[in-house]
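Heads up: numbering here begins at 1 and tracks the sequence. Because the structure is a prediction, the values reported are computed rather than measured.
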Amino acid sequence: MARRQRGYILIYALTILLFLVGTVTGAAYALRLNAQEAYQQRERLRAEFRLRGALQYALAQFALAAQAPSAAGTPSNAGQPDETEAAWRLEASAQQLQIDGTQIAIAIDDPGGIADANALDERMWTDYFAALGVARPGEAQRWAAAVIAWKARVGKTNGRGGFAGIDDLLLLDALPATVRYGGWAAAERPDTAQDTAPGFPDLFLVGAGERVFDVNRAALPLIAAATGASTEQLDAYRAARERGKLTLSDAVRLLGERARPLLQESRTDPVFRLVLTTAAGGASRLGLAAFVQRRDGQVRVLASRLNPVAAANPEP
């Protein structure tokens, strides 16, 4: 009898021991996951602050470069380098910057024109979606109607009569994700061919879009929306741009007279796109895309957006 009681006690003790081991192991695993999550969040915040700091540094460089013409006629102090000579100009280029020991790549690109999402009517949206080349017959018109209905609904809710930001457009799940977000990764945009499917954040602003587009650089879907060009006209225009640089007269001949006031060979104070990426962060690597424009003598940020960036050399 005593031996049986000792057996029960042993089983009971082992059960309690197993329970404690399981509890401690589970708690340790949960603490490890929480620590990893906290570490990832901290690294993401650090990456974001680096990118936003790099953007402010770029704006300071543009401001410094703007002083170069006025400083050109003034002799610099002997033995002191002219800082305006090394400043970044607001033009297509690639720059490198180190912040907090991390290398940040900055690509400056002129996309050829950015449209105001609130300025497009249903016909223009239909032509835009058709020019993307991803819509099946009848889909472009349905998508356009969905955008106009969504704009009215959002505008009634926010009291502005239209979209308050690009995020409003991205929330429209009646459109495929590839149409909303496009096919470009943030780090690939400046070097990717023009015919890669763009997304709303690549081509649209809200309340600050351009009214004219560059003859040779503007995205074809925006040209289709602005001019109402047919598929045949747009194909001929695309082929002509691929053969060489076009003039405004060439564009009018290919697209019709309605393209004349909408296209220019050289735009005044165009909107530039800055794409900043950092190698830090591993799988959660971030990119920052910003639209900037020179206004009243200063380069101002019109919009900016953080995006996750795929690793340049993913592990197998």
Side-chain angles (χ1 to χ4, degrees), residues 54-69 87-95 106-120 124 128 131 165-166 182 184 186 188-196 198-227 229 237-238 240-241 244-252 255 258-276 287-305:
L55 177 59
Q56 294 302 315
Y57 181 87
L59 295 178
Q61 287 291 311
F62 298 146
L64 188 62
Q67 301 173 7
W88 303 351
R89 299 189 179 277
L90 187 57
E91 58 189 24
S93 61
Q95 305 291 343
I106 304 175
I108 308 170
D109 176 49
D110 178 4
I114 301 297
D116 184 348
N118 282 325
L120 274 65
M124 298 171 75
Y128 170 83
I166 291 301
W184 290 341
E188 298 171 347
R189 285 175 185 152
D191 303 321
T192 306
Q194 288 289 330
D195 58 356
T196 304
F200 291 146
D202 301 299
L203 300 182
F204 290 98
L205 288 169
V206 170
E210 297 174 276
R211 296 183 180 275
V212 295
F213 302 98
D214 188 278
V215 170
N216 294 284
R217 301 182 63 87
L220 292 175
L222 289 185
I223 290 181
T227 65
Y237 186 74
R238 178 190 291 107
R241 286 209 313 191
K245 190 173 182 179
L246 301 183
T247 64
L248 178 58
S249 298
D250 295 330
V252 172
L255 300 176
R258 57 192 163 185
R260 187 179 297 278
L262 301 171
L263 300 179
Q264 290 182 358
E265 296 176 46
S266 59
R267 286 139 50 236
T268 302
D269 292 331
V271 173
F272 279 82
R273 177 172 52 214
L274 272 64
V275 178
L276 304 89
L288 176 66
F291 287 123
V292 301
Q293 186 180 37
R294 191 177 301 281
R295 292 183 175 180
D296 302 326
Q298 296 183 349
V299 177
R300 303 179 183 275
V301 178
L302 304 180
S304 64
R305 186 177 185 84

Show your reasoning for whether salt bridge (charged side-chain N to carboxylate O under 4.0 Å, His left out) applies to Asp269 and Arg300.
-> CA-CA 11 Å; Asp269 292 331; Arg300 303 179 183 275; over 6 Å; no
Is the shortest side-chain heavy-atom distance between [X] and [Y] below 4.5 Å?
X: Trp88; Y: Leu59; answer: no
X: Leu274; Y: Val292; answer: yes
X: Arg217; Y: Asp109; answer: yes
X: Val206; Y: Asn118; answer: yes

For Gln264, side-chain hydrogen bond (donor to acceptor under 3.5 Å, both in side chains) partners two or more places apart = none
Side chain to side chain contact (heavy atoms under 4.5 Å, CB included) assessment of Val301 paired with Leu55 = CA-CA 9 Å; Val301 178; Leu55 177 59; 4.3 Å; yes
Let me confirm one number: the [atom1]-[atom2] distance from [X] to [Y], rounded to the nearest 0.5 Å.
X: Gln61; Y: Ile108; atom1: CD; atom2: CD1; answer: 9.5 Å
X: Ile223; Y: Phe213; atom1: CD1; atom2: CZ; answer: 8.0 Å
X: Ile106; Y: Leu276; atom1: CD1; atom2: CG; answer: 4.5 Å
X: Leu220; Y: Tyr237; atom1: CG; atom2: OH; answer: 7.5 Å
X: Leu90; Y: Phe272; atom1: CG; atom2: CZ; answer: 4.5 Å
X: Thr268; Y: Glu210; atom1: OG1; atom2: CD; answer: 10.5 Å

For residues Phe204 and Tyr128, establish whether the separation of their ring centroids is below 6.0 Å.
-> yes
Trace of the side chain to side chain contact (heavy atoms under 4.5 Å, CB included) decision for Leu222 with Leu203 | CA-CA 8 Å; Leu222 289 185; Leu203 300 182; 4.0 Å; yes
If you count the non-hydrogen atoms of other residues, nucleotides and ligands that lie under 6.0 Å from CZ in Arg258, is the total more than 12?
-> yes
Hey, is the main chain of [Y] close enough, under 3.5 Å, to the side chain of [X] for a donor-acceptor pair?
X: Ser93; Y: Glu91; answer: yes
X: Glu265; Y: Val215; answer: no
X: Asp116; Y: Gly207; answer: yes
X: Gln95; Y: Ala107; answer: no

Given Leu263 and Asp214, is the side chain to side chain contact (heavy atoms under 4.5 Å, CB included) satisfied, shown in steps?
-> CA-CA 6 Å; Leu263 300 179; Asp214 188 278; over 6 Å; no
Salt-bridge criterion met for Asp110 and Arg267 (N-O under 4.0 Å) = yes
Salt-bridge test for Asp202 and Arg305: reply yes if a basic N is under 4.0 Å from a carboxylate O, no otherwise.
-> no
